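As the structure is a computational prediction, the values presented were derived from the model and not from experiment. Numbers here simply count residues along the sequence, with the first being 1.
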Amino acid sequence: MTQTNWQSSLIAQGAVYQDEAIRHFGDAEQALQATATTNTLCDLSHLGLLALSGDDAVTFLQGQVTNDVKALNGNNAHYSGYCTPKGRLLTLFLAFSHNNTLHLQFNQSLLAPIMKRLKMYVIRSKVDIQDVSNQMTRLGINGPEAAAIVEKALSIVPTADYAMTPILKAQQTIGTMVKLPSIDGHQRFELFIDEAYVQITWDTLKESCQLVGKPCWDWLDIQTGLPDIVEATQEQFVPQMLNLDCLHGINFKKGCYTGQEIVARTHYLGAIKRRTYLANISADNAPNAGDKVMDNNGSEVGQIVKVAPNLTGGFDALIEIRIEAQAAGNISWNTHPVTFGALPYRLTND
């Protein structure tokens, strides 16, 4: 099934698109309620996917990103950052190996420039970099029975966070799946499926799930403290500012990579002065990633990393902010109060 046919199929099922992503399937508010209470299924075509193959693919990528590419053995995934020489993040990848090919999933809007940048550094290495976003369709499933639903449909399910298992049909590998961190008893999985098998897989899973759009998946990411980089926030953060070290997205023993000196210095000198926190914004109009937040003196102290509508009519967000400013409180966005909640992982500066 081509991407155009897949999109047409989703529209026929009630998908409402905005900015090349599904917003909802008819009722955005009800979809968010379902995401928090029951089992939901989401198309993740708003995420881009690069594939790196060739004899030198692992060595090449090892010199580019913050995490240990050699640790990707086909049974696991991890997050990794891609930095400028000054240690500022250009994007964040969910990285994994499938069929002896490295895959990098990240914000679709950044795919073309990131692919171009990576190709600039290939030089004479035996590395082929391809956009496979339309060849492997991404599906997300969440809910209290998500593991049982996936197991019933596909026979096998990974049990540990970031563990992977192959998706098989008639003894043929048609994709792979990754277990993502759970949220309040809800299990969450992402499926990467060959385009030829996506429709039958979707139809099977949706029998037990409500269909939802990108804002619901973003909300789940926010609850688990998973940040993102968009065009407005490129080169704004050293990886530790987005808690990438706490998310096991930095390997401090792997050796050199672009920006490594700055990232390592921040770690070994204990110079982390800014972190990303889970927050709630009481507002009627939506903030955007890159918007600044202020303290009670009107000074800029941080910015919004990721935002999504919440269950109470406002917005939940991940906000990168000076540590002392977050502790002091009285933070606002566009005069609207910001309150902070608890992340599901511990910050090393706590």
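How far SG of C216 is from CG of L41: 11.5 Å, rounded to the nearest 0.5 Å. To the nearest 0.5 Å, the span separating CD1 on I222 from NZ on K306 amounts to 6.5 Å. Atom CG in L92 sits 8.5 Å away from atom SG in C83 (nearest 0.5 Å). The distance from the CZ atom of R188 to the SG atom of C42 is 10.0 Å, given to the nearest 0.5 Å.
In this structure, K206 places its NZ atom where more than 12 heavy-atom neighbours from other residues, nucleotides or ligands lie under 6.0 Å away. Heavy atoms of other residues, nucleotides or ligands lying less than 6.0 angstrom from CG of L168 number more than 12. In N73, the CG atom is crowded: over 12 heavy atoms of neighbouring residues, nucleotides or ligands sit closer than 6.0 Å. The environment of N297 atom CG is dense: over 12 non-hydrogen atoms of other residues, nucleotides or ligands sit within 6.0 angstrom.
Q303 has its side chain within reach of F237: a pair of non-hydrogen atoms, C-beta onward, lies under 4.5 Å apart. By the 4.5 Å heavy-atom criterion applied to side chains, Y82 and T66 are not counted as neighbours.
Side-chain contact check for Y277 and N243: no donor-acceptor pair (N or O, by modelled atom type) lies under 3.5 Å. Between the side chains of S9 and Q13, at least one donor N or O lies within less than 3.5 Å of an accepting N or O. Side-chain N/O atoms of W219 and N310 include no donor and acceptor closer than 3.5 Å. With hydrogens and angles left out, the side-chain atoms of D228 and N107 include a donor and acceptor closer than 3.5 Å. No side-chain donor-acceptor contact under 3.5 Å links Q223 and D221.
Ring pair Y162/H78: centre-to-centre distance not below 6.0 Å.
Here R124 does not pair with D56 in a salt bridge; the nearest charged N to carboxylate O distance is not below 4.0 Å. Under a 4.0 Å N-O distance rule, the pair D245/R275 qualifies as a salt bridge. R274 has a carboxylate O that lies under 4.0 Å from a charged side-chain N of E320, or vice versa, which qualifies the two as a salt bridge.
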